[in-house]
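Below: the structure, in structure tokens.
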Amino acid sequence: VSLLLAGLFSMYFHMTLSYVGQLLDELSILWTLAVAYSFWYPQAYFPKCIKTRRHFFWLTGITTVISTLMSFVKPTLNAYALNCIAFHLLYLTWKELKKCNDKRVHRMAAVMVMWWALAITSWISDRWLCWLWQAINFPYFHSFWHVLIALSLLYCCPLVIYFDVSYEMPSFKPKLEYWPSDSWPVVVPYVTLEEPHKQC
């Protein structure tokens with residue numbers, strides 16, 4: 001639901017280019033990230049003062065409310081702040097990859113980072129060199145940003161699920177797969193669960 005709302009508000013903002021649309025777009029992304037953090041942030045990385053997932057919900061909720069209020073103070077910084085969250089996600093991915101020997105997981109993470117790097121390059125180029133692209137009549141980098149960040153998330157989500165299963169359901173063995181086939185140049189990644197046979 002939160003992803004659907006983020007998509008609708010983003011569409012509204014890009015259709016109207018209004019201040020209200022900008023805030024709805026950015027705040028829906030912020031709240032979607034907050035929901036994702038609340039449910040899927042690994043307990044192994046909780047601050048020492050947080051003992052349970054319920055306490056972490058409260059911490060995430062309070063942080064999100066404060067961030068929401070602060071977003072009205074300097075709206076021009078909102079997009080930069082939201083993009084900075086990616087650095088924390090990349091750091092967490094790196095920490096998890098150090099504990100993982102599965103080559104498929106490492107390959108998927110590399111592809112995710114590649115799409116993210118292309119996306120953030122497009123976004124920065126659109127932000128900082130807008131005058132140049134307008135001068136040569138090539139105003140498409142913001143569109144590229146949307147497509148490329150969506151591709152990055154296509155790989156990020158199965159990675160998060162893979163690591164979440166490893167923590168929350170250790171009796172299952174998660175495995176990354178690609179649809180329709182590994183050999184296709186464009187694929188949709190997903191996670192399958194293999195339940196090991198229990199020894200009696």
Side-chain angles (χ1 to χ4, degrees), residues 2-4 6-7 10 25-26 28-30 32-47 56 60 78-129 133 138 140-196:
S2 54
L3 279 174
L4 179 65
S10 179
D25 179 26
E26 290 166 349
S28 64
I29 294 168
L30 173 68
T32 301
L33 284 167
V35 168
Y37 264 79
S38 296
F39 285 102
W40 294 301
Y41 191 75
Q43 227 167 327
Y45 300 119
F46 281 3
F56 189 72
T60 307
N78 292 349
Y80 293 97
L82 285 171
N83 275 313
C84 283
I85 293 171
F87 292 109
H88 185 248
L89 293 172
L90 291 171
Y91 170 73
L92 285 176
T93 303
W94 174 72
K95 293 274 284 184
E96 288 300 315
L97 289 176
K98 283 181 16 179
K99 298 186 273 185
C100 176
N101 296 323
D102 191 333
K103 288 181 181 175
R104 292 173 79 87
V105 176
H106 283 262
R107 189 178 78 183
M108 188 176 287
V111 173
M112 176 194 76
V113 171
M114 179 199 71
W115 288 123
W116 174 81
L118 289 170
I120 201 69
T121 301
S122 296
W123 186 82
I124 290 170
S125 182
D126 176 63
R127 277 282 168 141
W128 294 352
L129 300 174
W133 307 125
F138 192 80
Y140 303 112
F141 276 97
H142 193 77
S143 303
F144 295 163
W145 148 255
H146 281 283
V147 172
L148 293 167
I149 202 65
L151 285 169
S152 180
L153 287 171
L154 181 69
Y155 288 86
C156 180
C157 291
L159 273 179
V160 170
I161 293 166
Y162 178 91
F163 294 132
D164 186 58
V165 169
S166 302
Y167 282 110
E168 301 297 327
M169 295 186 282
S171 64
F172 287 89
K173 182 173 171 45
K175 185 180 177 189
L176 291 172
E177 300 282 354
Y178 297 98
W179 181 86
S181 164
D182 283 20
S183 59
W184 283 46
V186 179
V187 294
V188 177
Y190 63 97
V191 178
T192 60
L193 300 179
E194 297 175 356
E195 188 172 12

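All values derive from a computational prediction rather than experimental measurement.
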Nearest 0.5 Å please: distance from the [atom1] atom of [X] over to the [atom2] atom of [Y].
X	Y	atom1	atom2	answer
S10	I29	OG	CD1	6.0 Å
T93	Y91	OG1	OH	11.5 Å
M108	D102	CE	CG	9.5 Å
S28	L3	OG	CG	9.5 Å
S125	W133	OG	CH2	4.5 Å

Please check if the number of heavy atoms outside Y190 that lie under 6.0 Å from its OH is greater than 12.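 Yes, enclosed.
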Just jot down the salt bridge (charged side-chain N to carboxylate O under 4.0 Å, His left out) partners of K95, sequence neighbours excluded, or say none.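 Checked K95 against salt bridge (charged side-chain N to carboxylate O under 4.0 Å, His left out); zero matches.
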List the steps, then state whether side-chain contact (heavy atoms from CB on, under 4.5 Å) holds for F172 with V191. CA-CA 11 Å; F172 287 89; V191 178; over 6 Å; no
Does anything in residues 34-46 form a side chain to side chain donor-acceptor pair (under 3.5 Å)? List the pairs, not counting sequence neighbours.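 As it turns out, the side chain to side chain donor-acceptor pair (under 3.5 Å) pairs with a partner in residues 34-46, which skip direct neighbours, are Y37-H88, Y45-E96, Y45-K99.
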Heavy-atom closest pair, residues [X] and [Y]:
X	Y	result
S152	W116	OG-CB, 3.5 Å
P174	S166	CG-OG, 3.7 Å
E177	T192	CG-CG2, 3.6 Å
V187	S181	CG1-O, 3.2 Å

Quick one: list whatever passes ring-ring contact (aromatic ring centres under 6.0 Å, His included) with Y140, sequence neighbours left out.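 Y140 satisfies ring-ring contact (aromatic ring centres under 6.0 Å, His included) with F138 only.
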With sequence neighbours excluded, tell me which residues meet ring-ring contact (aromatic ring centres under 6.0 Å, His included) with F39.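 F39 satisfies ring-ring contact (aromatic ring centres under 6.0 Å, His included) with F57 once adjacent residues are dropped.
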Check side-chain contact (heavy atoms from CB on, under 4.5 Å) between D182 and all other residues, then give those that pass, not counting sequence neighbours.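 Counting only residues at least two positions away or on another chain, D182 forms a side-chain contact (heavy atoms from CB on, under 4.5 Å) with R104, Y178.
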Listed by chain and number, what are the side-chain contact (heavy atoms from CB on, under 4.5 Å) partners of A79, not counting sequence neighbours?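 Testing A79 for side-chain contact (heavy atoms from CB on, under 4.5 Å), a comparison that skips the adjacent residues, returns E26, W123, R127.
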Are [X] and [Y] packed together at the side-chain level, in the sense that at least one heavy-atom pair is separated by less than 4.5 angstrom?
X	Y	answer
F163	L92	no
Y162	V105	yes
L176	P189	no

Examine distances only and state if a side-chain atom of T32 and a backbone atom of S2 form a donor-acceptor pair shorter than 3.5 Å.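 Side chain of T32 to backbone of S2, a donor-acceptor pair under 3.5 Å: yes, one is there.
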